[in-house]
K.L.:
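One structure coming up, written as structure tokens, with questions to follow.
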Amino acid sequence: RIVVAVFNDDSYTLLTVDPADPLLPGSVTVLKRALADTPAVAACSRPGHAVFVGDAARRIAISCNGSNGVAVIPYAHD
């Protein structure tokens, strides 16, 4: 899994790669979500970096350059 913060449109993207054969077409699933659609982090603007927290709540932490903070999204991935 890869998580990417998208600075220009206030979103983040989750990419899941099939470990069986990552080079085959269709082996990558892309899920893009707007921060405004995620109530816990709607105030986050101009995200800079995103990381998986690695806990049981499957959280993602995103730095918010425009709003000067950190957004934490619970249950953000499988």
Side-chain angles (χ1 to χ4, degrees):
R1 280 197 183 96
I2 302 164
V3 62
V4 179
V6 185
F7 186 81
N8 288 334
D9 68 359
D10 290 342
S11 69
Y12 64 97
T13 301
L14 293 168
L15 294 100
T16 304
V17 180
D18 182 355
D21 194 343
L23 300 179
L24 284 177
S27 65
V28 177
T29 303
V30 178
L31 175 63
K32 185 173 182 175
R33 294 188 174 152
L35 291 172
D37 294 339
T38 309
V41 296
C44 180
S45 65
R46 296 185 3 217
H49 298 89
V51 296
F52 293 102
V53 175
D55 62 353
R58 302 185 313 270
R59 293 182 293 177
I60 292 173
I62 299 175
S63 65
C64 306
N65 291 325
S67 54
N68 227 9
V70 174
V72 179
I73 305 167
Y75 303 104
H77 60 91
D78 297 336

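Nothing here was measured: the structure is a model prediction, and the numbers come from that model.
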K.L.:
Mind checking what makes side chain to side chain donor-acceptor pair (under 3.5 Å) contact with Arg46, not counting sequence neighbours?
P.N.:
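Listed in chain order: nothing, the list is empty.
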K.L.:
Of all the heavy-atom pairs spanning Ile62 and Ala50, show the shortest one and how long it is.
P.N.:
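Looks like CG1-CB, 3.9 Å.
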K.L.:
Is Val30 linked to Val4 within one hydrophobic cluster, defined over Ile, Leu, Val, Met, Phe, Trp and Tyr using a side-chain heavy-atom separation of less than 4.5 Å?
P.N.:
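Looking at the clustering, Val4 is in the same group as Val30.
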K.L.:
Please list, chain by chain and in numerical order, all residues satisfying ring pair (Phe, Tyr, Trp, His ring centres under 6.0 Å) with Phe7, sequence neighbours excluded.
P.N.:
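Phe7 satisfies ring pair (Phe, Tyr, Trp, His ring centres under 6.0 Å) with no residue once adjacent residues are dropped.
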K.L.:
Going only through I, L, V, M, F, W and Y residues with side-chain contacts under 4.5 Å, is there a path from Val51 to Leu15?
P.N.:
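Not linked; separate clusters.
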K.L.:
Quick one: disulfide (SG to SG under 2.5 Å) pairs with a partner in residues 49-78, sequence neighbours left out?
P.N.:
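Sorted result for residues 49-78: Cys44-Cys64.
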K.L.:
Not counting sequence neighbours, list each pair that qualifies as a salt bridge (charged side-chain N to carboxylate O under 4.0 Å, His left out) and has a residue in residues 56-69.
P.N.:
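Those involving residues 56-69 are Asp55-Arg59.
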K.L.:
By the ring pair (Phe, Tyr, Trp, His ring centres under 6.0 Å) test, which pairs, at least two apart or in different chains, include something from residues 50-76?
P.N.:
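Qualifying pairs, neighbours excluded: Phe52-His77.
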K.L.:
Suppose the criterion is salt bridge (charged side-chain N to carboxylate O under 4.0 Å, His left out): which pairs have a residue in residues 64-74, not counting sequence neighbours?
P.N.:
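Of all non-adjacent pairs touching residues 64-74, none passes salt bridge (charged side-chain N to carboxylate O under 4.0 Å, His left out).
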K.L.:
For residues 63-77, which residue pairs qualify under salt bridge (charged side-chain N to carboxylate O under 4.0 Å, His left out), counting only residues two or more places apart or in two chains?
P.N.:
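The answer is none; no pair qualifies.
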K.L.:
Not counting sequence neighbours, list each pair that qualifies as a salt bridge (charged side-chain N to carboxylate O under 4.0 Å, His left out) and has a residue in residues 4-17.
P.N.:
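Sorted pair list: Asp9-Lys32.
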K.L.:
Go through the structure and list residues passing side chain to side chain donor-acceptor pair (under 3.5 Å) with Ser45, not counting sequence neighbours.
P.N.:
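For Ser45 there are no side chain to side chain donor-acceptor pair (under 3.5 Å) partners, ignoring immediate neighbours.
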K.L.:
My understanding is that only residues two or more places apart in sequence, or in another chain, count here; which of them pass side chain to side chain contact (heavy atoms under 4.5 Å, CB included) with Leu31?
P.N.:
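Partners of Leu31 by the side chain to side chain contact (heavy atoms under 4.5 Å, CB included) criterion, ordered by chain and then number, come out as Leu14, Arg33.
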K.L.:
Kindly give the heavy-atom pair with the smallest separation between Pro47 and Asn65, and that separation in Å.
P.N.:
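Smallest interatomic distance, heavy atoms only, reads C-ND2, 4.2 Å.
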K.L.:
Residues in salt bridge (charged side-chain N to carboxylate O under 4.0 Å, His left out) with Asp37, at least two apart?
P.N.:
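Partners of Asp37 under the salt bridge (charged side-chain N to carboxylate O under 4.0 Å, His left out) test: none.
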